[in-house]
2 protein chains.
Amino acid sequence: MHGRTNLTAMRLMDACEHLLCEAEALEDLTARRIAIEAHATPSAISYHFGSQEELVAAVAERVYRRLNAERLSLLRKAVDRRAPEPPDLDEVIAALVGPSIRWSLDPTSSYPVLSHFTSMAKTHRERAPHYRRIIDNVQHHRAFVPHLKRIAPWLDDVDIGWRLNCALGIRSQVTRSRSRTEVLTNYSIDLDDPDIVIARMVEVIAPMFRR
Amino acid sequence: MHGRTNLTAMRLMDACEHLLCEAEALEDLTARRIAIEAHATPSAISYHFGSQEELVAAVAERVYRRLNAERLSLLRKAVDRRAPEPPDLDEVIAALVGPSIRWSLDPTSSYPVLSHFTSMAKTHRERAPHYRRIIDNVQHHRAFVPHLKRIAPWLDDVDIGWRLNCALGIRSQVTRSRSRTEVLTNYSIDLDDPDIVIARMVEVIAPMFRR
DNA sequence: GACGGATTTCGAATGCCGTTCGAAACCGGT
DNA sequence: ACCGGTTTCGAACGGCATTCGAAATCCGTC
């Protein structure tokens, strides 16, 4: 009964993820192509997931979980290194934005799934529950708040949340609007080197948390 | 011969702009609907613009021109007010991000056209020339560089461009990922008041340009 | 080992979509 | 009134996601 623990449901998710990674644009992803790659038929998508949208959402959620696990692992590492003192600000920021940057530059990662997913959410009605559930899930971002508060105790929760949100915006701009970033920086920054990009981002975000 | 100065070409652009503003999602925009609203037929779109994509691009370009004119006018005002001294940093930042913020909050503005356009560019192959022409056009952003350089002479052009790009990322996050911004700030900031939002953004962006 | 109900797969059909194309209509100058 | 160029139209095309009833498969029970 519409189970997604089914074998072909799994194969559909894998095929969808793979196709999204290869796809240059979202329009390259069609139910027929997914079906072929999964050795199934298009109707299997509707049967197991309800719609193609929901399949993509399920795949995106899976990828998000991997990315967030990496983020939180880096955060924990940063905290443990200095405990019981507050963690190093630069390291916390790198934990927040680093995984996204690295994934977006790693051709073997599933990062394209996430960017295609957000653009799909905008193309279709964003309010749909299976979108909101994923987009509004900011647990993994909230985890950064208490530690940033220890670093900048003069900021309240709203200030911290606002700055966190701004940092994520900078991250998105760099990972998703690459050509604009290139032009504005005169092609003088090596945007393929994650360490350089992360250092540049820290350089800009850290001052938000200083007096 | 495929002219876009034609009367029905104009009516198609107006219809497309209007529909994009009303549209909750990009999928609500169809060639047939545009045609009906413009008292024409779908084939008129192909005839005058080549494709629906190119019609949307033409409309977006028109809206961008209006937005950028407003930006540059504010910049000029900021420069003139202090000349020959360097302009006020906060005022320059407000000129950069203010119009986007105000438009995005003004229900009578055509801001939805721009967000729908960028999401369309992501859905289809972004490299297409009629996208790149608009997306990579950063003339109006470059105009900010020399004035920011006078304010922060210790930064070189690349540093300034990078910070400009980051500021635009923050702007996009606030205007386009509203629900995330709401959640992260605990619904404690009145995101409907442009002055409050702009002040919050200045508060975060200005430190990037200070020592 | 065969049966029978639930689950899964399949393939044809449906109704949208953007676009194409040839014919009709329209236009301004002769 | 005619005519060449321009514009409009409507029917058709291929592709899309999805629906649905029929086939097939699976599995606990007899």
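- By the salt bridge (charged side-chain N to carboxylate O under 4.0 Å, His left out) test, Arg178(A) pairs with Glu182(A), Asp192(A), sequence neighbours left out.
- For Asp14(B) and Arg62(B), the salt-bridge test passes: some basic side-chain N is under 4.0 Å from an acidic carboxylate O.
- Although no hydrogens or angles enter the test, the distance criterion places no donor-acceptor pair under 3.5 Å between the side chain of Ser177(A) and the main chain of Arg180(A).
- Counting non-hydrogen atoms under 4.0 angstrom, Leu29(B) reaches the backbone sugars and phosphates but no base.
- Per the geometry, CD1 belonging to Ile34(B) stands 11 Å off P belonging to dC17(C), to the nearest Å.
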Scan nucleotides 19-27 of chain C against the protein and return all N/O pairs shorter than 3.5 Å with their distances rounded to 0.1 Å.
| residue | atom | partner | partner atom | Å |
| --- | --- | --- | --- | --- |
| dT19(C) | OP2 | Gln52(B) | N | 2.8 |

Which atom pairs link the protein and nucleotides 25-28 of chain D when you take only N or O atoms and keep those under 3.5 Å?
none

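- Rounded to whole Å, atom P of dC10(C) lies 10 Å from atom CG of Leu12(A).
- Between Asp157(A) and Arg142(A) no salt bridge is recorded (no basic side-chain N to carboxylate O distance below 4.0 Å).
- In this model, no donor atom of one side chain and acceptor atom of the other lie less than 3.5 Å apart for Asn68(A) and Arg65(A).
- Side-chain nitrogen and oxygen atoms of His48(B) include at least one within less than 4.0 Å of the OP1 or OP2 phosphate oxygen of dT8(D).
- In terms of the side-chain contact (heavy atoms from CB on, under 4.5 Å) criterion, residue partners of Arg133(B) (sequence neighbours excluded) are, by chain and number, Glu61(B), His130(B).
- In this structure Tyr64(A) satisfies the side-chain hydrogen bond (donor to acceptor under 3.5 Å, both in side chains) test with no other residue, sequence neighbours excluded.
- Protein atom CG of Leu26(B) is 17 Å distant from nucleotide atom C1' of dC16(C), rounded to whole Å.
- Of the inter-residue distances, the one linking Leu114(B) atom CG with Ser104(B) atom OG reads 10.5 Å to the nearest 0.5 angstrom.
- Between the P atom of dT9(C) and the CD1 atom of Ile36(A) lies a distance of 17 Å, rounded to the nearest Å.
- A straight line from CG of Asp28(A) to P of dA17(D) spans 12 Å, rounded to a whole angstrom.
- Asp28(B) is linked by a salt bridge (charged side-chain N to carboxylate O under 4.0 Å, His left out) to Arg125(A), counting only residues two or more places apart in sequence or in another chain.
- Here the C1' atom of nucleotide dT6(D) and the CG atom of Leu7(B) are 14 Å apart, to the nearest Å.
- Atom C1' of nucleotide dG15(C) and atom CZ of Arg33(B) are separated by 14 Å, given to the nearest angstrom.
- Counting to the nearest Å, the P atom of dG5(D) and the CG atom of Asn6(B) are 18 Å from each other.
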